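Beneath this line is the structure, given in structure tokens, with notes to follow.
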Amino acid sequence: MSDFCWLLGINADDMIDYQDIESKWRSYWKERGIYRVERDESKPKYYVLDMFPYPSGAGLHVGHPLGYIASDIFARHKRMNGYNVLHPMGFDAFGLPAEEYALQTGIHPAISTQENMSRYREQLSMLGFSFDWSREVYTCDPNYYRWTQWIFVQLFEHYYDNARQKARPIGDLIEHFDHHGTEGLEASTSNKEEFTAASWKALSPREKDEMLMHYRLAYKKIGYVNWCEELGTVLANDQIKDGLSERGGHPVIQKAMSQWYLRITAYADRLLDDLQEVDWSNSLVAMQTNWIGRSYGTALYFPIVGHEEQLEIFTTRIDTIFGATYMVLAPEHDLVEQLTTDDQKEEVRQYISYVQSKTEIERMSEKMVTGVFTGSYAKNPFNQEDIPIWIGEYVLKDYGTGAIMAVPSDDERDQAFAKKFGLPIIDVIDKSDYPDAGLHDKVGKVINSGFMNGMELKDAIEAGNEYAVQHGLGRAVANFKMRDANFSRQRYWGEPFPVVYDQDGISHAVQLENLPVELPDTNDFKPGKGGKSPLAHLTDWVEMKNGFTRETDTMPAVAGSSWYYLRYMDPQNDQEFASQENIHYWQSVDLYVGGAEHAVAHLLYARFWHKFLFDKGLVPTNEPFKKLINQGMIQGIIEHILLKKDSDNNEFHSAQLVPSDELENYTKLYVHIDLVTNYNSSEPSYLTRDGILEFCKWRKFEQATFKSPDCDLKVRLSPGGQLQIDGDECDIQFQTLSEVGKMSKSRYNVINPDEVINQYGTDCFRIYEMFLGPIEQSKPWDTQGIDGVSKFLRKFIDLFHKNGQLNISEEKASDEELKIIHTVIKKVNKDIEDFSFNTAVSAMMIAVNELRKLGSNKIEILDPLVRLIAPFAPFISEELWSRLGNQSSVHLSSFPRHDESYLVENTITYPICINGKKRTVKEFAADMNQDEIEKMVRDMEELEKWLNGKSIRKVIVVPKRMVNLVV
RNA sequence: GCCGAUGUGGCGGAAUUGGUAGACGCGCUGGAUUCAAAAUCCAGUUCUGGCAACAGAGUGGGGGUUCGAUUCCCCCCAUCGGUACCA
């Protein structure tokens, strides 16, 4: 018997048992397939999508379902309002954790992944979500990744036409080369050479292949990658935190390797500009905007004294070019070797080896001012002055062209460099008109700058650009922070690339009839030598019968998640990734709900793939996710006691009210106040970290003994807040302090949803998560508060029963009852549309409280009330709906609509304010006009005590709101 | 540093075309019920003063606009998230 003896005062036999009714309806829904959805041209469609989870071994905690509950309520609401709702779920099933687990345990990732997925399916079905599981997809399914590979092949076989702003087949490019070489070609490319049709034709097949790689949207190149020796793999930037791998915290170095890349930079402008079209939060748009990082400036060529080559730089401040007194190259810049004179050779060599000895972390964190002169000079193209070329670590190889013109007068870093190495500084911007402006502010008049003298900075930039174009020195360009995306991973548990190499090393895409390239089975997941993928061990697989060899890298996890929302539209299709019929019906995702941690990587890739498919005419929409909601995190409450350890005798003392500047002398004893499970004092848990005594399972001030394995200290908390150390009772009162933070095992504040559901039922859990606060906000979980929701549900069910028996009246409802129900219908409808689920719950609580006071049990009231609560409490509402005598599911019924005529008020209570301060209230008939109200207020005798004889200067009557008297 | 979000009782949070600040819930206090407890029900609960009626203060801080500001404007502070030698 569960804890729900809540139909109070009635026989145990008559009680509703949550677990019984939940399993009853869960199987009913499953048998009838009531959440299955098919294309139906007669209904408007709506697509509600959750970010599919990575099925980790740990299962779900209370934070995970938050977004799923919200989207489920929304989907159910839409469904009951007559929409054909696509609401699917699946799994992001490829990824590093399963492979790591395999390395530790020898359990094949395919097996552990399947197990984890089963567990997730079970947990998700517990929560009563209305997913159409018949549409489930998981990314490690060959029937799914066949199409991931196919899209990759399409990217491989296309290039980007900048003039038309769309992707085009690589065949068009070859044709252009055959007839015109690079002449007149506007394409997104890493190729820097121009060539003629004749020289193109003279290239060997291998050379042609290499040249095409500079244009393909999926291409291979040698690049510096984030290499993690410990994990034996290349990592994406977002897998690195503070220069260490996110998983495990291992060092990451830069290593040159041949890798697959996606030319996402070709789409940079569209990815940025189209953010205007989507309904996403400001912070998400800002994050993507920053990540793409477009800045407008000038590409300029500086002649190098005594060399053919020119030095290309990028600057946003061409207005300062007369102040450019030297140039700086990144130490890795291609021209460094050529430009280094014999005199400087040794110094440069030493400097470069110094830079290489530093890890990326050190270089980023130290921000040292270092550099060395190459011995060469460039000519400033605007004033023909010779300026020295330096190399310095503050110039990054990856941004712009890896070379800058240095203007020490107007750039902090250049200034620091110039001061250190005694390079000249020429003032070129006069900011005397802007006394508050700092070095960064783009304002001022240009001085000491030839033809630009006297111009405002912004005009000078325009003039500078014009001058550069006229004299063939450069052009205005946009530059992006975003880099092409590294798409190769040297690991097992991912999609194999659909690419093979012939005897000449020329790459060929595997065509559709031979897809998928299945991931070969093996039990050897160890990384190959020198950063090779584990697949490289499998000689039989790598070496094909026709003499070709296979690519052994695999795709990153983000590959499978870049298009899964399209596969849900037509998950079984074995002819296409999804049929055009289905895609045109479902269009794109109307509402996407998920965590902000995917703000950049996943959402950017998915948008990029979608735009590519749009260019190919395969999807009808330009953006995949119209509206996006980031659910907040559910945080844990971290409770702790402060303890001070004496350095003399190693004794601990507890402390209260420690001044903040002394906090560092104290250690935190983390404690866990667990109100859900019963505390079992015979099994204390403990752990120490850095001498800090942490944690214990502890309920209020019940007794518990804690041990520290390090210092063999026994701390005992007893009722009343007494602290005992080593068995001796210390007469020390302590104070618990609490803070709010991430749920984590190490702080013992993780709440498991299963426990909560076991005690309170799924509906209660769902409603409580919604009631906690606004969906996008992070907020702490507090199990105590769930009682309020539990009471609400009991009162709700109570409306239908008397002495444990169903007790519904067929009588007509009173005006008062009708007003209550129509008020709540109006409010809940609006709140769901606004994603304001917490206030919807609160409105339902108010309605139930009021109906309860009236003893309302009329069918005319309870029928719409059940349908109203159905999206929130799918199980209880289904049970009550059937008890009301309905044959089909409440979830297939219609959502109630309010009738405004029941909401009309006869009288309105007006607050009467004097100078904005409320003094009293008065009721007026709703149809009274402003003048009548003003007259009656002026006649109110009781006003005198606040007026103190002053006369009323003005009366402001806001209809239906308030009255304000100005004296 | 830059970008973004947030700041309201003991706690989670309501209220914005500017119009009764603190809905709803937790917690707490008192009462009913009970042998007792749990559960339940009723009442109270922003702070300060007062037995009370009531008065004053009050939405991170300081200014401003307005008859009236949690809401609009300016400056500042704090917390969280992102990003960072980006030329």
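Just so it is clear: chains get the letters A, B, ... in the order the sequence lines come, proteins before strands, and each one is counted from 1. Keep in mind it's a predicted model, so treat the numbers as computed, not measured.
Nucleic acid contact for A:Met962: base, since at least one base atom lies under 4.0 Å from a heavy atom of the residue. A:Leu396 comes within 4.0 angstrom of a base, heavy atoms only. Counting any heavy atom pair closer than 4.0 Å across all strands shown, A:Lys954 reaches no nucleic acid atom.
Across all strands shown, B:rC67 forms a Watson-Crick or G-U wobble pair with B:rG19, both key distances being under 3.5 Å. The partner of B:rG81, taking Watson-Crick or G-U wobble pairs whose two distances both stay under 3.5 Å, is B:rC3. Of the nucleotides present, none pairs with B:rA87 by Watson-Crick or G-U wobble criteria with both distances under 3.5 Å. Nucleotide B:rA14 forms a pair with no other nucleotide shown, judged by Watson-Crick or G-U wobble geometry with both contacts under 3.5 Å. Across all strands shown, B:rC35 remains unpaired; no Watson-Crick or G-U wobble contact has both distances below 3.5 Å. Across all strands shown, B:rA43 forms a Watson-Crick or G-U wobble pair, both distances under 3.5 Å, with B:rU29. A 3.5 Å limit on both hydrogen-bonding distances identifies B:rU48 as the Watson-Crick or G-U partner of B:rA55.
Comparing B:rC85, B:rG13, B:rC67 by their closest approach to the side chain of A:Asn838 singles out B:rG13. The side chain of A:Asn290 lies closest to B:rG82 when the candidates are B:rG82, B:rG56, B:rC24. Residue A:Ile956 places its side chain closer to B:rC67 than to any other of B:rC67, B:rG27, B:rC85. Nearest nucleotide to the side chain of A:Ser842, out of B:rA23, B:rG12, B:rG82: B:rA23. Ranking B:rC24, B:rC3, B:rA14 by closeness to the A:Pro774 side chain, first place goes to B:rA14. Residue A:Arg919 places its side chain closer to B:rG56 than to any other of B:rC3, B:rG56, B:rU83. Listed nucleotides: B:rC41, B:rC3, B:rA87. Nearest to the side chain of A:Lys795: B:rC41. Across B:rA84, B:rG82, B:rG12, the shortest atom-to-atom separation from the side chain of A:Lys779 is found for B:rG12.
Nucleotides B:rA69 and B:rG60 are separated by 15 Å at their P atoms, to the nearest Å. Nucleotides B:rC11 and B:rA5 have their P atoms positioned 26 Å apart, rounded to a whole Å. Taking atom C1' in both B:rC47 and B:rU59, the straight-line distance is 13 Å, to the nearest Å. The same atom, P, is picked in B:rG12 and in B:rG19; the two are 25 Å apart, to the nearest Å. Remark: the separation of the C1' atoms in B:rU29 and B:rU83 is 50 Å, to the nearest Å. For B:rA87 and B:rA15, the P atoms lie 41 Å apart once the distance is rounded to whole Å. A distance of about 13 Å separates the P atoms of B:rG25 and B:rG44, rounded to the whole Å. Rounded to a whole angstrom, the distance from the C1' atom of B:rG9 to that of B:rG82 is 32 Å.
Between A:Thr370 and A:Tyr351, some side-chain heavy-atom pair lies under the 4.5 Å cut-off. Looking only at side-chain heavy atoms (C-beta outward), A:Ile846 and A:Val824 stay at 4.5 Å or farther from each other. Side-chain atoms of A:Phe322 and A:Val446, non-hydrogen and from C-beta on, never get closer than 4.5 Å to each other. When side chains are defined from C-beta on, A:Thr839 does not count as touching A:Asp834, because their heavy atoms never get closer than 4.5 Å. A 4.5 Å side-chain heavy-atom check between A:Val937 and A:Ile952 finds every atom pair outside the cut-off. The closest side-chain heavy-atom distance from A:Leu271 to A:Met482 is below 4.5 Å.
Here the shortest heavy-atom pairing between A:Arg317 and A:Met405 reads O-CE, 3.6 Å. The shortest non-hydrogen separation linking A:Pro911 to A:Thr909 is CD-O, 3.7 Å. In terms of heavy atoms, A:Ile869 sits closest to A:Met844 at CG1-SD, 3.9 Å. Nearest heavy-atom pair across A:Ile775 and A:Phe835 is CG2-O, 3.9 Å.
Here A:Arg852 reaches the OP1 or OP2 of B:rC41: one of its side-chain N or O atoms lies under 4.0 Å away. Residue A:Arg294 has no polar side-chain atom (N or O) positioned under 4.0 Å from OP1 or OP2 of B:rC86. Listed pair A:Asn479 / B:rC86 fails the phosphate criterion, with no side-chain N or O lying under 4.0 Å from OP1 or OP2. Applying the 4.0 Å criterion to OP1 and OP2 of B:rC26, one finds that A:Lys791 has a side-chain N or O inside that range. Residue A:Gln777 has a polar side-chain atom (N or O) positioned under 4.0 Å from OP1 or OP2 of B:rG13. Checking the phosphate oxygens (OP1, OP2) of B:rA5, a side-chain nitrogen or oxygen of A:Asn282 falls inside 4.0 Å. Contact annotation: A:Asn849 reaches the phosphate of B:rG25 (side-chain N/O to OP1 or OP2, under 4.0 Å).
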*Output, in order, the C-alpha distance, side-chain angles, deciding distance and verdict of side-chain contact (heavy atoms from CB on, under 4.5 Å) for A:Val278 and A:Leu628.*
CA-CA 8 Å; A:Val278 296; A:Leu628 191 144; over 6 Å; no

*Dump the intermediate steps for side-chain contact (heavy atoms from CB on, under 4.5 Å) on A:Val395 and A:Phe417, then the final yes or no.*
CA-CA 11 Å; A:Val395 175; A:Phe417 194 87; over 6 Å; no

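As a whole-Å value, the separation of A:Ile846 CD1 from B:rA15 C1' is 12 Å. Between the CD atom of A:Glu597 and the C1' atom of B:rG81 there is a distance of 12 Å, given to the nearest Å. If you take OH of A:Tyr768 and C1' of B:rG12, they are 7 Å apart, rounded to a whole angstrom. Whole-Å rounding puts the A:Gln930 CD to B:rC67 C1' distance at 14 Å. What separates CD of A:Glu393 from C1' of B:rC86 is a distance of 16 Å, to the nearest Å. Between A:Lys397 atom NZ and B:rC86 atom P the separation is 15 Å, expressed in whole Å. The nearest whole Å value for the distance from the CG atom in A:Leu965 to the P atom in B:rC67 is 15 Å.
Against RNA chain B, the stretch residues 823-835 of chain A makes no heavy-atom approach under 4.0 Å. The stretch residues 398-419 of chain A touches RNA chain B through A:Tyr399, A:Ile404, A:Arg413, each having a heavy atom under 4.0 angstrom from the strand.
The neighbour count for A:Gln276 CD, taken as heavy atoms of other residues, nucleotides or ligands under 6.0 Å away, does not exceed 12.
Comparing A:Met845 and A:Val958 against RNA chain B, the residue whose closest nucleotide sits nearer the 5' end is A:Val958. Checking A:Val369 against A:Ser283, the closest nucleotide of RNA chain B that is more toward the 5' end is the one next to A:Ser283.
Note: A:Trp781 and A:Phe765 have tilted aromatic rings, judged against thresholds of 30 and 60 degrees for the angle between ring planes.
Annotated as syn: B:rG9, whose glycosidic dihedral is within 90° of 0.
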